[in-house]
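The block underneath contains the structure these notes are about, expressed in C-alpha cells.
Residue numbering restarts at 1 for every chain, and letters A, B, ... go by the order of the sequence lines. If you're wondering where the values come from, they're calculated on a predicted model, not measured in any experiment. Below, each value reflects all heavy atoms present in this structure, side chains not excepted, and no hydrogens, waters or symmetry copies.
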Protein chains: 2
Amino acid sequence: MNRKSREEWATQIAELEQEPAPARKEPITVGRIVTTALALVEAEGFDALTMRRVAAALQTGPASLYAHVRNKADLDDLLIGTLSRNVSAPAPDAERWREQVLDVCGQLRDQFLRYPGIARAALSAPPANLDTLRITEGLLAIFLAGGVSPRSAAWAIDAVLLYVSAYTFETSLRGGQPDRAEMLARLRMLPVSRFPHIVEHADTLNAGEGHERFEFALRLLLDGLVTVG
Amino acid sequence: MNRKSREEWATQIAELEQEPAPARKEPITVGRIVTTALALVEAEGFDALTMRRVAAALQTGPASLYAHVRNKADLDDLLIGTLSRNVSAPAPDAERWREQVLDVCGQLRDQFLRYPGIARAALSAPPANLDTLRITEGLLAIFLAGGVSPRSAAWAIDAVLLYVSAYTFETSLRGGQPDRAEMLARLRMLPVSRFPHIVEHADTLNAGEGHERFEFALRLLLDGLVTVG
DNA sequence: CAGTTGACTCGAACAGTGTTCGTATGTAGA
DNA sequence: TCTACATACGAACACTGTTCGAGTCAACTG
C-alpha cells in the first residue's frame, strides 16, 4: 500500500461524500453548449453571451468549452446555424412566390427577434454556413419558380437576407417600443429652416406598427424585381 | 524661502530640461479625439478603435478622454456624425430623383468603406443623431420631389439607410475580395440532392463586380417604390 | 490682490472579456 | 495491467471600458 493508493483511497472517500450530488456527471457536448447559450441569449440578450457565463451555467470553467468549440465566433456560427434550421422553406408555388418569400423571411425574423441581439452574429457570420445555405436554396427555388432570372434571384436573396439581419438587429437594439412620443417631440424641436420636410412629416416618419416597416421594405424589393425580370 | 517654493523651484528646473520637447502642450479636445479615432479606424479597422489606443496616440491615459466623451458609444456616435457630415445632398430634381438617391447612398457607402468596420457603429447608433438626420432630410426632399408619398418615402429612407449600413458592414468584414474561386469550389462541393439550385447557379451566386450588388439592391427598392406610389 | 471655484488631466485600479498552457482524469485499447 | 488519448479545467495572460481620487491650472469673485 504505497502513497499512490493512499491518494486513491482519499479520492474514493471524497467521492463518497459527494455522492448525493453526482448530477454534474453529464459530459459537455456541443449540443449542450448550444442549448445553454441560446437559453442565455433568450433570457438576457446577446451581450450576456460570454464563454464564462455559458461555462458557469454548465458548472465548469471557460477553458472546458474550447475542447468542443474553436472560438466564440465559432459558437456564434453554431447558434445562427441552429436558428436557421428552425425555418422551413415551402415547396415553390409559382403563383404565390412573393408571399412565400415573405413567409420565409418572417420566420427568420421571428427566430432572430426571439434571441435579442443575435442578429449581430448573423451579420458577422461567414456566408458559407451550411444551414443558412439551406435557406438560400429554398429561396432560390421559390424565386426561380416565380420566373425571376437566376442573376436577379441571387442578388435579391442577398439583399433580402441582409435586410432581415439588419432589421432584426436594429429592432432588438431598441428595446420594444422606444418611446415614440419622445422621438416625435425631438423631431418637432428641430429648426424648421434646416429640417423643413422632417418637421412637417415628423409623425409619418416614425409611424408603423409591428412589422409594417419590415414587410414594406421586403415588398419594395420584390416588387422592384418584377420590373427587372 | 519655505518648502513650497523649493518645490516650485524644482519644477521650474524640470521644465527647463523638458523645454526642447514641449510639443505635448496642446490640450485634448473632442475634435482631436475624433480625428485621432478616425485615423486609427482608417489604418487598422474599427476593432482597433480602443479608448487606450486613442489615448496613447494623444500621449495620455484612457481616463483623460472621459472629460470630453461620455462613452465609447458616444465616441462612435461622434464618428458616424462626422462621416455623415461629409455627404452632401443635392438640390432635388424631380426628373432624376432615383439617380440622386443612388448618389447620396453611394457617398455614404464610400464614407463607411473608407473606415473599415465603422458601419457597425452606424447600425448601433441612435437614429436621432443630428448629422444623420441631415441626410434623412436631404433624402426626404428628393423623394417628395420625385412624387413619392410621404409615408412611402419615410419607410423607404429607413430601408435604404439600413441597407447601406448592412452592406458596408458586411463588405468591410470580408477583406476585399474573399477568394471567390474558393467560395465557388465550396458551393460546387455541395450535394446536388439537397442543394440542386445552388449547385446549378453557383457561379451566378457570387457574381457581381464592385458595387453592382449594392446598386442592384437599391434600384430594386426604388423601382418597387414607383409601383406603390 | 487673495481665494475659491470649477474644469481639465491622468495614474491606478476594478471588473469584465476571449483565449492558451499545462496538468489532471478517466476511459478505451494493447 | 499498463499505456495512450481525448476530455476537463484551474490559473494565468493580455486585453477591454470605465471609475476614483488626487493633482494641476485658469478664471472668476470678494
Side-chain angles (χ1 to χ4, degrees), chain A residues 2-15 18 22-33 36-37 40-41 44-79 117 120-121 124, chain B residues 2-5 7-12 14-15 18 22-33 36-37 40-41 44-79 117 120-121 124:
Chain A
N2 57 9
R3 202 173 195 300
K4 189 74 171 284
S5 53
R6 272 275 292 278
E7 287 178 356
E8 286 179 11
W9 183 238
T11 34
Q12 280 177 21
I13 294 179
E15 282 173 0
Q18 290 179 357
R24 55 155 65 187
K25 291 262 296 195
E26 300 140 35
I28 301 174
T29 65
V30 192
R32 293 222 305 147
I33 292 179
T36 312
L40 190 56
V41 175
E44 305 188 37
F46 189 70
D47 285 331
L49 180 60
T50 300
M51 299 303 259
R52 281 175 167 79
R53 291 289 307 265
V54 175
L58 257 32
Q59 306 196 38
T60 180
S64 305
L65 304 180
Y66 286 84
H68 309 271
V69 160
R70 232 188 313 271
N71 262 349
K72 172 149 195 306
D74 191 26
L75 173 56
D76 293 349
D77 271 24
L78 288 174
L79 295 188
R120 195 167 74 218
S124 309
Chain B
N2 57 9
R3 201 173 197 299
K4 189 75 174 284
S5 55
E7 289 177 356
E8 285 179 12
W9 183 237
T11 34
Q12 280 178 21
E15 283 173 359
Q18 289 179 358
R24 56 157 63 185
K25 292 261 295 196
E26 301 139 34
I28 301 174
T29 65
V30 194
R32 293 221 306 147
I33 291 179
T36 311
L40 190 56
V41 175
E44 303 188 36
F46 189 69
D47 286 330
L49 181 61
T50 300
M51 298 303 259
R52 280 175 168 79
R53 292 290 307 266
V54 175
L58 258 32
Q59 306 197 40
T60 179
S64 305
L65 304 179
Y66 286 83
H68 309 270
V69 160
R70 231 187 317 269
N71 262 350
K72 172 151 195 304
D74 190 26
L75 173 57
D76 293 349
D77 271 23
L78 288 174
L79 295 188
R120 194 167 75 220
S124 309

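Summarising the geometry, the separation between CZ on B/Phe46 and C1' on D/dT16 is reported as 13 Å, rounded to the nearest angstrom. Counting to the nearest Å, the C1' atom of D/dT18 and the CG atom of B/Leu75 are 14 Å from each other. Straight-line distance from the CZ atom of B/Arg70 to the P atom of D/dT19: 12 Å, rounded to whole Å. At whole-Å resolution of the value, NE2 in B/His68 and P in C/dC10 are 9 Å apart. Residue B/Leu65 contributes atom CG, which lies 10 Å from atom P of D/dG17 at whole-angstrom precision. Spacing between atom CE of B/Met51 and atom P of C/dG11 amounts to 15 Å, rounded to whole angstrom units. Between the CZ atom of B/Arg32 and the P atom of C/dC8 there is a distance of 14 Å, given to the nearest Å. Atom OH of A/Tyr66 and atom P of C/dG18 are 6 Å apart (whole Å).
Between B/Leu58 and A/Arg53, the residue anchored nearer the 5' end of DNA chain C, judged by the nucleotide with its closest heavy atom, is B/Leu58.
Listed for the B/Thr29 side chain is a donor-acceptor partner under 3.5 Å among the backbone atoms of B/Arg32.
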(request) For the pair B/Leu75 and B/Leu65, evaluate side-chain contact (heavy atoms from CB on, under 4.5 Å) and give the outcome as yes or no after the intermediate values. (result) CA-CA 10 Å; B/Leu75 173 57; B/Leu65 304 179; 5.9 Å; no
(request) Dump the intermediate steps for side-chain contact (heavy atoms from CB on, under 4.5 Å) on B/Arg120 and B/Asp47, then the final yes or no. (result) CA-CA 10 Å; B/Arg120 194 167 75 220; B/Asp47 286 330; 3.3 Å; yes
(message) For a side-chain contact (heavy atoms from CB on, under 4.5 Å) check, start with the C-alpha distance between B/Leu78 and B/Ile33, then their side-chain angles and the critical distance, and finish with the verdict.
(response) CA-CA 10 Å; B/Leu78 288 174; B/Ile33 291 179; over 6 Å; no
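Of the candidates C/dC10, D/dG17, D/dC9, the closest approach to any side-chain atom of B/Ile28 belongs to C/dC10. Side chain of B/Thr60, nearest nucleotide from C/dT20, C/dC10, C/dT9: C/dC10. Minimum atom distance to the side chain of A/Thr50 is reached by C/dG18, of the listed C/dT19, C/dG18, D/dA8. Distances were taken from every side-chain heavy atom of A/Asn71 (C-beta onward) to each of D/dT19, C/dT9, C/dT19; the shortest belongs to C/dT19.
For the side-chain hydrogen bond (donor to acceptor under 3.5 Å, both in side chains) test, no residue two or more places apart in sequence or in another chain qualifies with A/Arg52. Residues passing the salt bridge (Lys or Arg N to Asp or Glu O under 4.0 Å) test with A/Asp76, sequence neighbours excluded: A/Lys72.
At least one side-chain nitrogen or oxygen of A/Ser64 sits closer than 4.0 Å to the OP1 or OP2 atom of D/dC9.
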Produce the list of close N/O pairs, under 3.5 Å, pairing protein atoms with atoms of nucleotides 11-14 of chain D; give distances to one decimal.
| residue | atom | partner | partner atom | Å |
| --- | --- | --- | --- | --- |
| D/dA12 | N6 | A/Arg52 | NH2 | 3.4 |

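Within the 4.0 angstrom heavy-atom criterion, only backbone atoms of the sugar-phosphate kind lie near B/Leu49; the bases stay farther away.
Using a 4.0 Å cut-off between charged side-chain N and carboxylate O, A/Arg70 and A/Asp77 make no salt bridge.
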